[in-house]
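Residue numbering restarts at 1 for every chain, and letters A, B, ... go by the order of the sequence lines.
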There are 12 protein chains.
Amino acid sequence: MHILVLHGPNLNLLGLREPGIYGHQTLADVDRLIESMAESLRVTVDIHQSNHEGVLIDHIHAARTRCQGLLINPGAYTHTSLALRDAIAGVGLPTVEVHLSNIHSREAFRHQSWIAPVAIGQISGFGPESYRLGFLGLVNYLRLPQP
Amino acid sequence: MHILVLHGPNLNLLGLREPGIYGHQTLADVDRLIESMAESLRVTVDIHQSNHEGVLIDHIHAARTRCQGLLINPGAYTHTSLALRDAIAGVGLPTVEVHLSNIHSREAFRHQSWIAPVAIGQISGFGPESYRLGFLGLVNYLRLPQP
Amino acid sequence: MHILVLHGPNLNLLGLREPGIYGHQTLADVDRLIESMAESLRVTVDIHQSNHEGVLIDHIHAARTRCQGLLINPGAYTHTSLALRDAIAGVGLPTVEVHLSNIHSREAFRHQSWIAPVAIGQISGFGPESYRLGFLGLVNYLRLPQP
Amino acid sequence: MHILVLHGPNLNLLGLREPGIYGHQTLADVDRLIESMAESLRVTVDIHQSNHEGVLIDHIHAARTRCQGLLINPGAYTHTSLALRDAIAGVGLPTVEVHLSNIHSREAFRHQSWIAPVAIGQISGFGPESYRLGFLGLVNYLRLPQP
Amino acid sequence: MHILVLHGPNLNLLGLREPGIYGHQTLADVDRLIESMAESLRVTVDIHQSNHEGVLIDHIHAARTRCQGLLINPGAYTHTSLALRDAIAGVGLPTVEVHLSNIHSREAFRHQSWIAPVAIGQISGFGPESYRLGFLGLVNYLRLPQP
Amino acid sequence: MHILVLHGPNLNLLGLREPGIYGHQTLADVDRLIESMAESLRVTVDIHQSNHEGVLIDHIHAARTRCQGLLINPGAYTHTSLALRDAIAGVGLPTVEVHLSNIHSREAFRHQSWIAPVAIGQISGFGPESYRLGFLGLVNYLRLPQP
Amino acid sequence: MHILVLHGPNLNLLGLREPGIYGHQTLADVDRLIESMAESLRVTVDIHQSNHEGVLIDHIHAARTRCQGLLINPGAYTHTSLALRDAIAGVGLPTVEVHLSNIHSREAFRHQSWIAPVAIGQISGFGPESYRLGFLGLVNYLRLPQP
Amino acid sequence: MHILVLHGPNLNLLGLREPGIYGHQTLADVDRLIESMAESLRVTVDIHQSNHEGVLIDHIHAARTRCQGLLINPGAYTHTSLALRDAIAGVGLPTVEVHLSNIHSREAFRHQSWIAPVAIGQISGFGPESYRLGFLGLVNYLRLPQP
Amino acid sequence: MHILVLHGPNLNLLGLREPGIYGHQTLADVDRLIESMAESLRVTVDIHQSNHEGVLIDHIHAARTRCQGLLINPGAYTHTSLALRDAIAGVGLPTVEVHLSNIHSREAFRHQSWIAPVAIGQISGFGPESYRLGFLGLVNYLRLPQP
Amino acid sequence: MHILVLHGPNLNLLGLREPGIYGHQTLADVDRLIESMAESLRVTVDIHQSNHEGVLIDHIHAARTRCQGLLINPGAYTHTSLALRDAIAGVGLPTVEVHLSNIHSREAFRHQSWIAPVAIGQISGFGPESYRLGFLGLVNYLRLPQP
Amino acid sequence: MHILVLHGPNLNLLGLREPGIYGHQTLADVDRLIESMAESLRVTVDIHQSNHEGVLIDHIHAARTRCQGLLINPGAYTHTSLALRDAIAGVGLPTVEVHLSNIHSREAFRHQSWIAPVAIGQISGFGPESYRLGFLGLVNYLRLPQP
Amino acid sequence: MHILVLHGPNLNLLGLREPGIYGHQTLADVDRLIESMAESLRVTVDIHQSNHEGVLIDHIHAARTRCQGLLINPGAYTHTSLALRDAIAGVGLPTVEVHLSNIHSREAFRHQSWIAPVAIGQISGFGPESYRLGFLGLVNYLRLPQP
């Protein structure tokens with residue numbers, strides 16, 4: 001089983017950027033967390049970060065035949081990118097949306113997700129742990145017999 | 001460490017009610033899942049279900065001095081109960097909100113949560129697995145040194 | 001055939017409360033009307049009134065295996081209770097929503113019903129006669145071969 | 001006692017049109033239902049169908065001195081015609097609004113009625129039975145001493 | 001100079017209908033008022049009433065080459081008919097919109113006029129006198145040299 | 001019979017200001033028009049212009065016992081001044097609201113009047129002629145026996 | 001193959017009315033264009049114009065058994081007529097909606113179409129050419145094997 | 001004179017809950033304040049707190065014949081409970097609504113009260129003093145001859 | 001302790017204006033009430049009424065160094081004046097907002113206060129008694145040790 | 001005559017993605033359709049697809065001096081990209097917007113186009129045929145003498 | 001070249017009022033800044049502050065023939081005064097709107113300016129420096145040859 | 001001191017694109033203006049233009065350690081890009097937002113800026129001069145001792 005993990009815009013600043021909201025761990029720390037989780041669950045991962053909406057879409061398209069699932073933190077594109085939503089719906093990969101911060105307790109414009117309606121589910125608010133919970137949820141979902 | 005787990009209105013129908021949305025497992029199945037998770041994480045749990053907003057609030061008040069955290073699936077009260085929100089904010093217990101179905105892909109009136117802004121985070125869409133992920137997230141949060 | 005009849009909040013005040021809107025008949029009068037209707041249609045009824053949202057939900061759950069249909073005047077919960085709506089959808093009983101007053105000619109917040117979308121239909125404005133028409137409509141519906 | 005019954009736009013297609021929503025009975029079947037109801041209640045009826053807003057209004061005006069009540073299924077004009085509403089308010093005839101389908105469970109634009117606020121009441125969702133219940137409700141209303 | 005005067009839906013009920021809002025004068029009284037005004041201003045008039053949106057539009061089209069101005073009380077079509085608005089804009093006749101009642105002090109849905117933006121001006125609230133003021137305003141406008 | 005005429009903010013610029021919208025006549029021209037109208041109708045007038053909301057209110061209060069009616073062009077205060085509305089409602093003088101331009105064909109924020117609901121009626125779009133029509137309408141209203 | 005072509009309200013003014021928006025060709029010119037297109041595609045056409053909502057609906061009903069498709073420019077009824085929408089949905093004829101002007105670049109109230117959701121598609125902005133493109137699109141659609 | 005005093009949901013946490021918003025006094029302190037006020041005004045009081053909407057409604061119903069007035073802090077039900085509003089309107093007791101915090105300076109969803117429109121008045125922002133002012137206002141109101 | 005008391009626009013009409021809403025006492029009566037209250041509480045007062053937004057602001061500015069608190073009935077400026085709000089926030093005086101009528105049960109545009117968010121609290125609905133309760137609340141607040 | 005044809009985000013998935021909505025033809029099939037159309041109309045084309053908003057904008061800029069027209073299916077950027085709209089308005093090329101699916105019968109967020117207001121027109125709902133109709137419409141437009 | 005500089009309501013409190021938002025410089029400091037800027041640019045200035053909307057309007061009217069440009073900080077009237085907007089549009093003086101604080105990062109009701117649409121431009125957020133930048137921008141604009 | 005200057009989408013068309021709105025100067029002219037300003041203020045600049053949201057974000061990230069401030073004209077991304085906003089908030093560089101045209105007097109969708117709330121301030125409407133004023137404001141801000 002092969003999983004695509006995507007980090008959206010500004011997540012490369014993690015640890016450097018607004019630690020009051022996003023914490024002190026860097027993106028490399030998060031990636032190590034995901035990789036060790038993947039190893040313990042015996043799945044392989046491809047991890048990418050990009051600030052470019054188009055690059056994120058290209059990665060999702062490329063995963064259509066190469067991966068079985070998608071774990072994505074779409075960052076600010078969560079709230080503005082219908083193209084990303086269409087990409088996920090288009091490739092038909094089971095997708096889990098994660099957020100470091102609790103988007104539902106921040107500004108009103110962060111409450112709505114264009115991505116969640118085409119995902120299995122959404123996890124937000126647990127910091128880097130959101131990725132671990134989301135990864136676990138995605139892999140368990142993929143291993144369950146689907147109706 | 002002692003955790004209060006609350007199931008909101010209509011969750012007693014689980015397995016009996018709209019399996020297309022909520023799956024075939026009963027609430028007893030879910031409770032066993034939580035209990036086994038609790039055991040493996042070495043925490044104890046109190047589990048209650050009620051269709052009464054007031055009873056749920058009373059449970060939360062009672063937990064103020066008896067529990068360290070709250071895992072809640074507020075059911076339809078998610079979208080209508082400010083009193084439940086005030087109860088959670090009032091007792092100050094770290095809280096995780098979980099939903100069986102992906103509330104963000106259902107009717108518009110299920111997209112907004114009055115509870116999430118006073119919770120650590122929200123997990124929705126993974127079926128009974130949402131409880132397991134939420135429980136794990138809550139316990140890890142409680143075990144982390146908080147800033 | 002066994003029918004559950006539920007009167008929501010404040011209907012116990014009937015006859016005592018705002019006769020300009022709700023008329024002079026008491027709830028006991030209304031119940032006698034329903035019972036005589038039931039007798040003439042050769043069905044049996046269970047009738048309850050409660051001001052408690054949770055109690056109404058509990059009655060609906062209990063009816064899941066005991067009744068074939070539900071006649072409900074949800075009172076003010078019509079406009080605020082998603083939990084009641086989920087209860088009705090959850091038990092899957094054919095349901096008719098009735099109102100004494102014409103809710104569509106009163107304050108704007110009484111125009112929208114959370115219950116009607118999960119009911120067979122809605123009848124409002126005929127005073128106690130709304131119950132009789134609703135009862136008749138429900139029984140006829142249950143006696144028709146459904147597609 | 002003489003009652004005007006009006007069928008609004010597209011109801012002439014009944015039985016031919018979208019049976020999933022409106023059922024298989026034709027308008028002639030519905031009219032026979034109303035006529036037999038009228039006979040058993042010993043009232044006479046005038047029944048008209050028109051796709052023209054103006055023709056419906058003209059019928060209502062003509063009924064001002066000839067009829068004691070109006071039973072109307074305004075079809076799509078329910079949601080768009082203030083002129084129809086003004087006609088009903090203008091002639092001052094007690095009016096009952098009926099709908100075959102449950103308008104409250106369909107598209108949002110069908111939830112609001114311009115007619116209901118000037119009617120005695122509204123009945124929706126019972127198929128052709130809506131007409132029978134509405135007719136019964138109207139006649140009973142007219143036979144009651146009004147305050 | 002020849003002026004078209006149009007009375008919209010339900011105005012034929014004038015004097016019969018809701019005298020609390022519209023007064024006791026009949027449409028024939030109003031027409032005599034207009035005719036005497038026309039005579040004293042030495043202009044001729046064509047006066048029509050219709051409950052049919054299409055008939056009103058046909059009258060306006062016919063006036064394109066026969067009349068120099070239009071005085072219209074569009075009744076409830078004021079608030080719902082874009083087709084009437086397009087007809088007025090299409091024929092390009094200077095138009096004055098009048099209302100018997102003060103539409104700005106009635107229900108919110110009567111505050112917006114689709115017609116006023118394509119008219120010279122709007123007069124409302126003076127009862128039958130609104131027609132006289134509107135007629136005077138229209139004729140004076142037509143007699144002024146336009147820039 | 002004594003009438004108060006009030007010109008609201010910026011009307012002192014008339015003739016100087018945006019002639020494309022407001023025409024070339026000055027406020028003095030308009031006042032002469034009103035005075036000659038008053039003379040021919042045998043009523044007396046008090047005319048004031050002010051850019052100060054408070055001054056306009058003071059004038060209205062002073063008119064409570066001195067005048068029988070109010071003709072007002074509230075200018076931009078039409079759309080923002082609840083205090084002006086309360087002043088008019090407070091003194092209880094029959095009031096006519098006039099506008100030089102057709103406010104219903106200008107920017108959306110000029111469509112709503114806070115004043116019109118407490119006035120007899122509103123006249124807009126006829127340039128200085130609006131004052132003449134409004135004055136005539138007001139005097140005729142005052143001379144009619146009121147119900 | 002037989003096609004119904006309907007021109008909605010005010011289209012009879014074409015060429016006479018607001019040429020800046022609608023161009024200089026008359027409706028007769030447009031009809032000739034359609035007829036020559038029909039001939040070259042070897043289909044026959046019935047063409048009607050009406051300013052009456054009800055007449056348009058009657059034409060659509062009559063086409064139910066006589067035509068295979070409908071090409072309609074609903075004019076201003078595009079934005080106000082749910083009855084027309086229901087008529088099209090009711091007869092189930094494949095329908096193409098066309099507009100001379102680009103409705104999406106005009107006033108906001110012209111952006112929404114009640115008709116488009118029950119049509120195959122919508123074409124707007126090409127002047128009389130919109131009819132030719134729409135006709136071509138409709139005929140090609142009808143000649144394709146539908147899934 | 002006998003007064004019912006009701007404390008709504010979460011007020012039992014007073015002193016324990018969010019002291020930054022609600023202060024350090026407990027509900028028992030507040031009750032003593034009310035009781036001493038009652039004594040000095042020579043009226044008797046019944047004081048209840050409940051987190052259950054239904055229980056609050058039951059108390060209000062019971063007061064219909066036993067009390068002359070109602071002092072209520074409806075807590076979060078202020079903003080969500082139409083049933084509570086209907087109960088107050090139903091029993092017809094003069095009612096004063098009080099709030100410890102200034103609800104108008106908190107989150108937008110706390111600005112609207114469903115209760116205030118059926119109360120004599122509303123007092124908010126004075127901490128426990130709000131109860132004293134409200135009690136005083138209610139008793140003075142009851143002692144005044146009402147028009 | 002010195003308190004500024006401000007009466008906003010139209011309050012000079014008190015007793016003369018709409019007694020159904022505002023009662024029969026004049027502003028002089030209200031002022032005597034306040035003065036006697038002040039005397040019994042041993043504080044001094046400055047009382048002003050103005051219909052001018054700017055004059056009210058000037059009074060507030062002048063009170064910055066001369067007074068310890070502000071009691072204000074902002075009349076209609078409650079709902080329209082951000083400048084008044086900024087003045088209160090700017091001088092930083094503890095402020096209590098009072099209203100004679102219950103603004104929450106009147107027109108929707110009177111439900112929102114721009115002033116309340118910068119005040120200690122709001123009292124509305126008790127007639128002249130609102131001033132007494134507000135004065136008492138303000139003085140008690142000023143005499144309490146503030147956190 | 002040289003035409004730029006642009007396919008927006010996710011259109012590279014055509015034939016692979018959601019065939020229920022978008023059909024079974026691939027983008028290469030669509031391109032062949034356009035090319036054969038171009039040949040028969042004796043114009044040349046440049047065709048590009050990109051998932052990158054910026055790349056689409058760069059193509060449009062480059063076409064400013066090289067092309068005479070633009071045919072664009074902006075995909076999801078239709079509803080979110082003001083930058084694309086500004087690019088089209090900026091280069092001033094006659095533009096036709098096409099969509100495979102009928103965007104007006106899909107989710108509400110797909111009904112609004114930021115592009116259409118700066119285009120000649122919009123065609124949606126005909127599958128790959130939308131491109132052919134749009135291409136034909138664009139070329140005819142370019143060959144007409146423009147006013 | 002002569003420039004009018006206007007300070008709106010509450011700006012006389014500058015330095016005294018909410019220094020966290022508005023800084024510590026007084027209005028006299030700001031005026032000296034403007035005067036020295038004026039001197040260095042060789043233009044003369046008239047500077048006024050008022051809390052009265054009407055006084056600000058009077059100043060603008062007076063400047064119509066005496067000044068070549070207007071620099072205005074409308075304070076809270078920015079968001080509420082259409083009369084001020086009409087005054088600026090009426091006199092036709094090139095106008096620059098300035099704000100000390102960044103109005104776009106404060107409460108939502110401060111984001112909209114009624115003044116900006118009739119100004120050359122808007123500058124906000126630079127403290128007293130906003131005046132200097134605005135003054136410079138205005139003078140440069142006036143010295144440029146306008147198209 | 002080193003400043004990053006960013007030009008957003010379509011600004012490369014400057015001088016070529018819609019000169020009625022944006023003027024005749026090219027982007028190279030603007031850059032020379034900025035460079036000469038920079039020289040006279042003795043700061044250095046990095047200037048980039050891109051139509052790619054992702055490229056703009058990458059530039060901002062790169063500036064985090066290399067620059068002391070950011071001057072940005074975000075073009076159409078002003079109104080749609082939360083990712084750009086997060087980038088600016090993330091790197092924490094003092095930022096000034098500038099616009100050539102007065103965005104507050106253009107289409108409604110250009111009135112809201114997602115960027116301004118995380119900037120020092122916003123300057124719009126002065127053409128290329130906006131950049132000069134913004135640059136000056138930014139440098140002065142950076143040279144001031146910040147609280």
Side-chain angles (χ1 to χ4, degrees), chain F residues 4 6-10 12 46 48-70 72 74-95 97 108-120 122 146, chain I residues 6-28 30 48-60 72-85 87 97 99-104 106-115 124:
Chain F
L4 175 64
L6 285 180
H7 304 294
N10 297 304
N12 54 320
D46 251 23
H48 300 281
Q49 189 275 335
S50 176
N51 297 320
H52 299 240
E53 189 180 13
V55 171
L56 294 168
I57 294 171
D58 289 347
H59 279 304
I60 294 169
H61 288 186
R64 196 172 59 90
T65 53
R66 285 211 307 258
C67 298
Q68 279 74 53
L70 168 61
I72 185 167
Y77 291 143
T78 306
H79 320 297
T80 64
S81 179
L82 291 175
L84 208 54
R85 172 199 181 115
D86 281 358
I88 293 171
V91 298
L93 284 182
T95 296
E97 175 189 342
F109 61 77
R110 294 198 206 267
H111 294 191
Q112 186 203 31
S113 167
W114 289 116
I115 307 305
V118 296
I120 299 164
Q122 186 198 60
Q146 296 304 323
Chain I
L6 286 180
H7 305 295
N10 297 304
L11 285 158
N12 51 321
L13 293 181
L14 206 60
L16 314 166
R17 165 199 183 205
E18 300 169 282
I21 301 175
Y22 300 103
H24 289 89
Q25 286 185 283
T26 65
L27 195 59
V30 170
H48 301 281
Q49 189 275 335
S50 177
N51 298 320
H52 300 241
E53 189 179 13
V55 171
L56 294 167
I57 294 171
D58 290 347
H59 279 303
I60 293 170
I72 185 167
N73 177 344
Y77 290 144
T78 306
H79 320 296
T80 64
S81 178
L82 291 174
L84 209 55
R85 172 197 179 117
E97 175 189 341
H99 296 279
L100 295 160
S101 64
N102 180 347
I103 59 172
H104 305 293
R106 297 181 63 194
E107 305 97 321
F109 61 77
R110 296 198 205 265
H111 295 192
Q112 186 203 31
S113 167
W114 288 117
I115 306 305
S124 75

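In this structure, I/T80 and F/T80 have side chains that are not in contact, with every pair of non-hydrogen atoms separated by 4.5 Å or more. In this structure, the side chains of F/E53 and I/E53 come closer than 4.5 Å at one or more pairs of heavy atoms. You'll find the side chain of I/N51 stays beyond 4.5 Å of the side chain of F/H52, heavy atoms only.
Of all the heavy atoms in F/A83 and I/N10, the pair that sits closest is O-ND2, 2.9 Å.
Taken to the nearest 0.5 Å, the CG atom of F/D58 stands 7.0 Å off from the OG atom of I/S50.
Of the listed residues (F/V91, F/I60, F/I57), the one with the most heavy-atom contacts under 4.5 Å to chain I is F/I57.
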Evaluate the side chain to side chain contact (heavy atoms under 4.5 Å, CB included) criterion for residues I/L16 and F/H61: first the C-alpha distance (whole Å), next the side-chain angles of each, then the deciding distance (0.1 Å), finally the verdict. CA-CA 11 Å; I/L16 314 166; F/H61 288 186; over 6 Å; no
